[in-house]
Amino acid sequence: MRIATYNINGINGRLKVLLAWLEEAQPDVVCLQELKTDDHGFPRAALEKAGYGAVYKGQKANHGVAILAKGSAPLLTRKLLPGDPTDKQSRYIEAAVEGVLFACLYAPNGNPQPGPRFDYKLRWLARLIDHAQTFLTAGLPVALVGDFNVVPTDADIYSAQSSWKTDALLQPAARAAFAKLLAQGWVDALRTLHPQSPLYTFWDYKRNAWPRNAGLRIDHFLLSPTLAPRLREGHVETAQRGREGASDHAPAVLTLR
DNA sequence: ATGTCCTGGATACCAGGA
């Protein structure tokens with residue numbers, strides 16, 4: 001079973017790019033972030049034609065998440081991250097495919113920091129930590145997949161002393177939230193497979209980031225202890241970032257037995 | 001400090017988010 005995460009940065013503006021990649025990579029499950037469309041505008045028919053069923057929670061202009069499954073419809077379990085009924089942003093969707101539960105997430109960016117946007121990011125991550133614990137307590141095979149908007153360590157960025165130093169993605173409080181998930185028992189799949197590789201998944205459109213490989217690792221797969229033993233292979237589809245009309249994120253793929 | 005690209009509201013280009 002091949003599972004993927006892909007921050008598509010506008011699913012309609014980049015539908016051709018997405019369909020070409022699906023055709024080429026043939027993943028079984030895809031967690032998408034930053035749809036930037038409401039549910040009405042989700043390209044359900046085009047994805048069905050490409051062989052993928054979908055569940056999605058869209059939002060006009062910003063955010064929005066979806067889970068695709070090849071040849072089937074994912075079994076939807078939630079569209080809201082518990083813990084704050086007043087939170088209206090579409091950043092979480094959860095569904096089961098072939099006995100594995102996928103939590104597709106798009107954590108808040110949190111800039112500028114400090115400030116209310118960074119506070120929201122930390123509160124959102126705290127809610128994720130609480131919800132993640134319920135999966136572990138239940139012993140379920142779960143993958144937390146998506147754009148966490150956290151650079152976990154200085155090894156996960158081209159230069160920790162760059163202008164990113166004061167960015168919300170690198171702040172100690174954000175990193176502490178990610179570390180707390182690992183301390184719960186979640187396995188950082190890509191880092192476990194490749195302890196020494198950069199594993200960048202994001203290159204800013206600005207600052208000439210892609211040509212000089214000024215990347216950040218912010219898209220992650222966290223596997224529950226019951227699922228982690230099935231981990232076989234994983235990589236970032238780096239070449240996708242260099243395509244015409246690419247998202248600022250590259251997709252990443254894992255193979256599970 | 002700057003840079004780029006998406007979306008929406010407009011119906012030209014700008015604001016907001018990232």
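Note: hydrogens, waters and symmetry copies are ignored here, and every other heavy atom, side chains too, is used. Numbered from 1 within each chain, the chains take letters A, B, ... in sequence-line order.
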Please give, in whole Å, the distance from [N] [atom2] to [X] [atom1]?
| X | N | atom1 | atom2 | answer |
| --- | --- | --- | --- | --- |
| A/Asn109 | B/dG16 | CG | C1' | 12 Å |
| A/Asn149 | B/dG17 | CG | P | 14 Å |
| A/Ile218 | B/dA18 | CD1 | C1' | 9 Å |
| A/Glu34 | B/dG16 | CD | P | 18 Å |
| A/Trp124 | B/dA18 | CH2 | P | 13 Å |

Between A/Phe178 and A/His220, how do the two ring planes meet: parallel, tilted or perpendicular, split at 30° and 60°?
tilted

Output one letter per nucleotide in nucleotides 1-7 of chain B: B when a protein non-hydrogen atom lies under 4.0 Å from the base, S when only the sugar-phosphate is that close, - when neither is.
--BBSBS

Taking atom P in both B/dC13 and B/dA1, what distance in whole Å separates the two?
29 Å

Whole-Å C1' distance, B/dG17 and B/dG3
15 Å

For residues 249-257 of chain A, which side-chain donor-acceptor pairs fall under 3.5 Å, sequence neighbours excluded?
| residue | atom | partner | partner atom | Å |
| --- | --- | --- | --- | --- |
| A/His249 | ND1 | A/Asp219 | OD1 | 3.4 |
| A/His249 | ND1 | A/Asp219 | OD2 | 2.8 |
| A/His249 | NE2 | A/Asn7 | ND2 | 3.3 |

Minimum side-chain heavy-atom gap A/Leu81-A/Arg91 below 4.5 Å:
no

Specify the residue among A/Asp38 and A/Asp147 whose closest nucleotide of DNA chain B lies further upstream toward the 5′ end.
A/Asp38

Base, sugar-phosphate, or nothing for A/Phe202, non-hydrogen atoms under 4.0 angstrom?
nothing

When all nucleic acid strands are considered with a 4.0 Å heavy-atom cut-off, which category describes A/Arg91: base, sugar-phosphate, or nothing?
sugar-phosphate

Stacked cation flag A/Arg207 on A/Trp164, 6.0 angstrom / 45 deg:
yes

Assess whether a salt bridge exists between A/Glu244 and A/Arg14, defined as any Lys/Arg side-chain N lying under 4.0 Å from an Asp/Glu carboxylate O.
no

Once side-chain contact (heavy atoms from CB on, under 4.5 Å) is applied, do any residues pair with A/Thr77, and if so which ones, sequence neighbours excluded?
A/Glu94, A/Leu101

